[in-house]
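Each remark here refers to the structure printed beneath this line.
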Amino acid sequence: MDCYADNSATTQPTQRVMDAMTACMRGTFYNPSALYGQALEARHLLDDCRSALCRAIHAPKDARAVFTGCGTEADNLAIIGHLSACHDKGRVVYSAGEHPAVKEACLQAQKLGFEAVEAPLDGFGLPDLAALEALLTPDTRLICMMQVNNETGAVYPMDAIAGLRAMRCPSAALHVDGVQGFLRVPFDMKALGVTSYALSGHKIHAPKGVGALVFDKSLRLSPILFGGGQESGLRSGTENTPGIAGLLEAVREYPAQNDMRRQKLLLLDALKAGVPALRVNGPDPASDASAPHILNVSFPPVRAETLLHALEADGVCVGNGSACSSRKNTTSAVLRAMNVPQRAAQSALRFSLCPYLTDEQILYASQRACAHYDILKKFERR
Ligand code: PLP
């Protein structure tokens, strides 16, 4: 038995995704910008995928989608691309929970003359709305709020955030990093008035190397990559057609009805039974404020890395913090922003599920975690 429970770091491409990619490389390998008829099929593939992405998030009718190399690039295009096109300088406000793909791009925007301001989180990892309201000044040009936090699974209250924007700075753009929420948590871009939304293929069983930015037609956007002028001049470079074929298949195949929430609660109950000291980091896992697929829990006094490696030997893969920061020897910035005590932060593991796990795998993972915890807790200094 094994259990890959690090799906927020990346997912395994499905057979259908791999078949769609192979078919594309065999039959539709043409350059989508070429003029001969054979290339038309490649162009249709791009358009079919754009439409599928827009439909999935209820984008406004005239919204556009640009393909990028990853979620990070989509976030950077939304932030640097928009701010470069803004006539007036001002503020960019982002939440303390944002992924580095957003946070670092906002900090870079300071070099363009913008003021980057971080909005605090509450103890559940959700934006502190009163503090956010106070930070939204009339000269705010851009607000960046993620749909789902990659470490805690906190689902940001987009209705309330969109309401604050309408009240305090209606002309500011609102960018949503949807990398962890896309397809897993419903999203209505049009109803919320969101101006741009970033997503990434490899989190939904498509391959690595493909992402997209969906944006409202009215959003001013400059390219951040220059060259041959593909993607209507917004993202030069020949499109990754096999990756886009995989992304399209992944979107078509993703099961809207799935068992992730039930399985997450099954996992939580089983862990609680074996680890009385277990602590949940994030919103109530049964509530809509918690994404169905992410569970962040602390196993004090056992250090996260020790337990992670013990589980790895049993074929159970889990994350400690986000994948890109897990090699840095610090506790998670997100847990710190939530005021999670240091010892709890040091023992926090993230289990992230996908629709294709079985109950047996979930129970196996929890059983192994409890068994290792029982032994390891005796060796930790109190
Ligand atoms: N945003 C969030 C919330 C993420 O979790 C990630 C990746 O983990 C990214 C952005 C970056 O996506 P990519 O790995 O496709 O660059």
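Counting begins at 1 with the first residue of the sequence. Read the numbers this way: they start at 1 and go in the same order the structure lists the ligands and their atoms.
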Any Lys/Arg nitrogen of [X] or [Y] sitting under 4.0 Å from an Asp/Glu carboxylate oxygen of the other?
| X | Y | result |
| --- | --- | --- |
| K103 | E118 | yes |
| E231 | R50 | yes |
| K89 | D139 | no |
| R262 | D259 | yes |

Please list, in number order, the atoms of ligand 1 under 4.0 Å from a heavy atom of [X].
| X | value |
| --- | --- |
| D177 | 1 (N), 2 (C), 3 (C), 10 (C) |
| C70 | 15 (O), 16 (O) |
| S200 | 13 (P), 15 (O) |
| H202 | 13 (P), 14 (O), 15 (O) |

_Pairs of nitrogen or oxygen atoms closer than 3.5 Å, one from M146 and one from ligand 1: do any exist?_
no
_Just to verify, what does S200 make a side-chain hydrogen bond (donor to acceptor under 3.5 Å, both in side chains) with, not counting sequence neighbours?_
none
*For atom 11 (C) of ligand 1, which candidate among N150, T72, N149 holds the nearest heavy atom?*
T72
*At under 4.0 Å between heavy atoms, which part of V179 makes contact with ligand 1: side chain, backbone, both or neither?*
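Answer for V179: side chain.
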*Would you say K208 touches ligand 1, if touching means a heavy atom closer than 4.0 Å?*
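Per 4.0 Å heavy-atom rule, K208 does not contact ligand 1.
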*Pair listing, ring-ring contact (aromatic ring centres under 6.0 Å, His included) test, anchored in residues 5-40, at least two apart*: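 Qualifying pairs, neighbours excluded: none.
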